[in-house]
Number of protein chains: 2
Amino acid sequence: MDNFTLRQLRYFEALAQHGHFGRAAEACAISQPALSVQIRELEETLGAALFERNARQVRLTGFGEDVAAKVRDILRGADELADFARLSHDRLTGRLRIGVIPTIAPYLLPTIIGDLTRRYPGLDMRLRETLTPRLIQELAEGRLDTAIVALPVSEPSFTEVPLFSEDFVLVRPSADADKPVPNAETLREMRLLLLEEGHCFRDQALSFCNMNSSLPRELLDGSSLSTLVQMVGAGIGVTLIPEMAVPVETRSASVSLARFDAPRPSRRIGMIWRNTTPLADQLQEVAEVVRQSAETLAGQTAGATART
Amino acid sequence: MDNFTLRQLRYFEALAQHGHFGRAAEACAISQPALSVQIRELEETLGAALFERNARQVRLTGFGEDVAAKVRDILRGADELADFARLSHDRLTGRLRIGVIPTIAPYLLPTIIGDLTRRYPGLDMRLRETLTPRLIQELAEGRLDTAIVALPVSEPSFTEVPLFSEDFVLVRPSADADKPVPNAETLREMRLLLLEEGHCFRDQALSFCNMNSSLPRELLDGSSLSTLVQMVGAGIGVTLIPEMAVPVETRSASVSLARFDAPRPSRRIGMIWRNTTPLADQLQEVAEVVRQSAETLAGQTAGATART
DNA sequence: AGTTATCCATAGTTTAAGGTTATTGCAACA
DNA sequence: TGTTGCAATAACCTTAAACTATGGATAACT
């Protein structure tokens, strides 16, 4: 292998520039003998003289000139690396891969993308929307940096921080607007439309009714909350949606909304990341930003829910 | 300044590639703790984690990936430098700046350019033809690597090696072909055409006649041997030319050649270089090549002189 | 669940590398 | 012929980097 050091290259460049051991050494903040030794060792590793030493001046040899050009490239590369590292210091930078579950993504992402981009200019955000199990797997494999999911996840190798809680809202045909709000019991008797299997929100909704997810039931599965609301509008049944989805999903459907009495169904949303990620500090910051975005969004949503 | 070392970058690259401290350390031919320490120190200098260490694997962080790209560039540059140096090992390479006096250049250069190029492929030869004082100055200033001149030069800071001696040949009008060959005495009475001042060959010719160069005389100065021979052909006078110039200069002129009796006028041609040049060894080689080229050339020249 | 295996980090020690000051040697110049 | 300027060398000291041995955490196995 090549056995020269970056230090030798820096000394070499200084000497090439100054043409004088004493002054070059001063520029490198070392003593003249130290520089002499390093230059000699560099010449030995390269196998040829880089400088011609003369009683009156020190001059690059032809070989030395060729070397100088290559050394310049190397040192500029090293400087760039140092600059890049300094700029990245403690700042969230480069790529940040965030996973989000489908029952959050459409409502939260538009806001937090904006907020994060404003907060961390130059951040290369990459978003992935998929079901919790896959998010967990990709996070474990290092293909994601963090994920926004429903808590708890209870993976010992993950850290989870809560972001916010959101209630579930009942969506029923407009015709039912004046009927009493059902409780968990009565809800079980109704035709409850749910997301297809795999969605955590499906399980959360079922759990509210004390029903088993795997229990074979005659229910129609939708692939998105949007679909479910459309089906409700068509009078096929009722469904639950998280509060955050209300403004978007009920905008154009003729359905009525109802909030449950206590104990209200709800879920906790949080961020998770690998315990070992070096981004922990920055991800805490990101969590704070997301939390505030969600809070703002919740304010608007509450208004919307009230209006309906 | 940046305080990382090339060694750390090599270790970093190995670890990035292997994703495993033990195997990367083995690839670097060091122990695992040594690698751990160097990686940690690199991370400290750069101010951020490069790898995420996990019980099962070691993975680059986003920052680490950006760094890896820059590190690759730096290391490839270093490798190139090492390769370049290895190729240049002890071989005469790169630029070689040779100065030659005008009364040698036209006759010797065509041959030695060919011979040197054959001997040192890839050599970037740069030739300069000018008068001895300027050659000496440029050599001293490091603007030439070596020069081919008439000896002695007697500069204490220069090394001189003899290449060959060459006799001076008398050139006179063809009509004089049968006249006896003049000696130094009788030559002084003839109309001797010489090169303009500054040419060493002018002084050498004058010295043969025991005449002082600065002595005001009615003589016509030519700017090249070629001009002088043309003037002889026109019957204006006689001149001396070095043996080596004979084949080229008398090819198309109607003049006759005559060799002097002993003591024949002659001059010693040699190569000079700075005592301090690191190319000394290689220049000795070059001198040997030039010596042989000149010998070959002298053989042809002798034949040509005999023919006339 | 206890045990083993794997793997990275840390500690303590030795060796090599790089720095310092003091001195020598060499050329150039007055 | 000293004198001066400058690079090389020597002797010594400090820091860096290697090694062996050990520790602690996490998965995997029985």
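Chain identifiers are assigned alphabetically (A, B, ...) following the order of the sequence lines, protein sequences preceding nucleic acid strands; residue numbering begins at 1 within each chain. Worth knowing before you read on, the calculation uses all heavy atoms, side chains too, and leaves out hydrogens, waters and symmetry mates.
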Quiz prompt | Over 12 foreign heavy atoms within 6.0 Å of CD, A:Glu138 | solution = yes
In whole angstroms, the gap separating P of C:dC7 from NE2 of B:His18 amounts to 14 Å
When rounded to whole Å, the NE2 to C1' distance for the pair A:His20 and C:dA27 reads 14 Å
Exercise. Do B:Tyr120 and B:Gln282 have a side chain donor and acceptor closer than 3.5 Å?
Worked result: no
In whole angstroms, the gap separating P of C:dG19 from CZ of A:Arg10 amounts to 14 Å
Whichever of A:Asn275 and A:Val58 has the more 5' nearest nucleotide on DNA chain D, that residue is A:Val58
When rounded to whole Å, the CD to C1' distance for the pair A:Gln57 and C:dA27 reads 13 Å
Margin query: Looking at C:dA17, I'd like to know if its phosphate oxygens (OP1 or OP2) sit under 4.0 Å from a side-chain N or O belonging to A:Arg7.
Written below: no
Subject >> Crowding at CD, B:Glu26 (>12 non-hydrogen neighbours, <6.0 Å) >> reply: no
Nt span of DNA chain D in reach of chain B heavy atoms at under 4.0 Å, 5' end first, is D:dA17 to D:dA28
If you count the non-hydrogen atoms of other residues, nucleotides and ligands that lie under 6.0 Å from CZ in B:Arg134, is the total more than 12?
no
(message) Looking only at side-chain N and O atoms, does A:Thr276 offer a donor or acceptor that is under 3.5 Å from a partner on B:Glu52?
(response) yes
>> Looking only at side-chain N and O atoms, does A:Ser36 offer a donor or acceptor that is under 3.5 Å from a partner on A:Gln32?
In response: yes
Exercise for the section: Tell me whether the OP1 or OP2 atom of C:dT10 has a side-chain N or O from B:Arg40 closer than 4.0 Å. Expected result: yes
- Task: Tell me whether the centres of the aromatic rings in B:Phe12 and B:Phe51 are closer together than 6.0 Å.
- Result: yes
Here the distance between atom C1' of C:dG19 and atom CD of A:Gln8, to the nearest Å, is 14 Å
Note to self: Under 4.0 Å, heavy atoms only, any strand: does B:Phe51 hit a base, just the sugar-phosphate, or nothing?
What the structure shows: nothing
B:Glu43 atom CD is separated from C:dA9 atom C1', nearest whole Å, by 12 Å
Within residues 25-39 of chain A, the residues having a heavy atom closer than 4.0 Å to DNA chain D are A:Gln32, A:Pro33, A:Ser36
Between CG of A:Asn3 and P of C:dG18 the distance, given in whole Å, is 10 Å
Walking DNA chain C from its 5' end, the first of A:Glu41 and B:Ser157 to be reached, judged by nearest nucleotide, is A:Glu41
Centroid-centroid under 6.0 Å between B:Phe84 and A:Phe63 rings = yes
### Message
With a cut-off of less than 4.0 Å, is there a side-chain N or O of B:Arg53 near OP1 or OP2 of C:dA9?
### Response
yes
Rounded to whole Å, CZ of B:Arg23 lies from P of C:dC7 at a distance of 6 Å
Do A:Thr159 and A:Asn275 pass the side-chain hydrogen bond (donor to acceptor under 3.5 Å, both in side chains) test, and can you show the C-alpha distance, the side-chain angles, and the key distance before you say yes or no? CA-CA 5 Å; A:Thr159 300; A:Asn275 296 328; 2.7 Å; yes
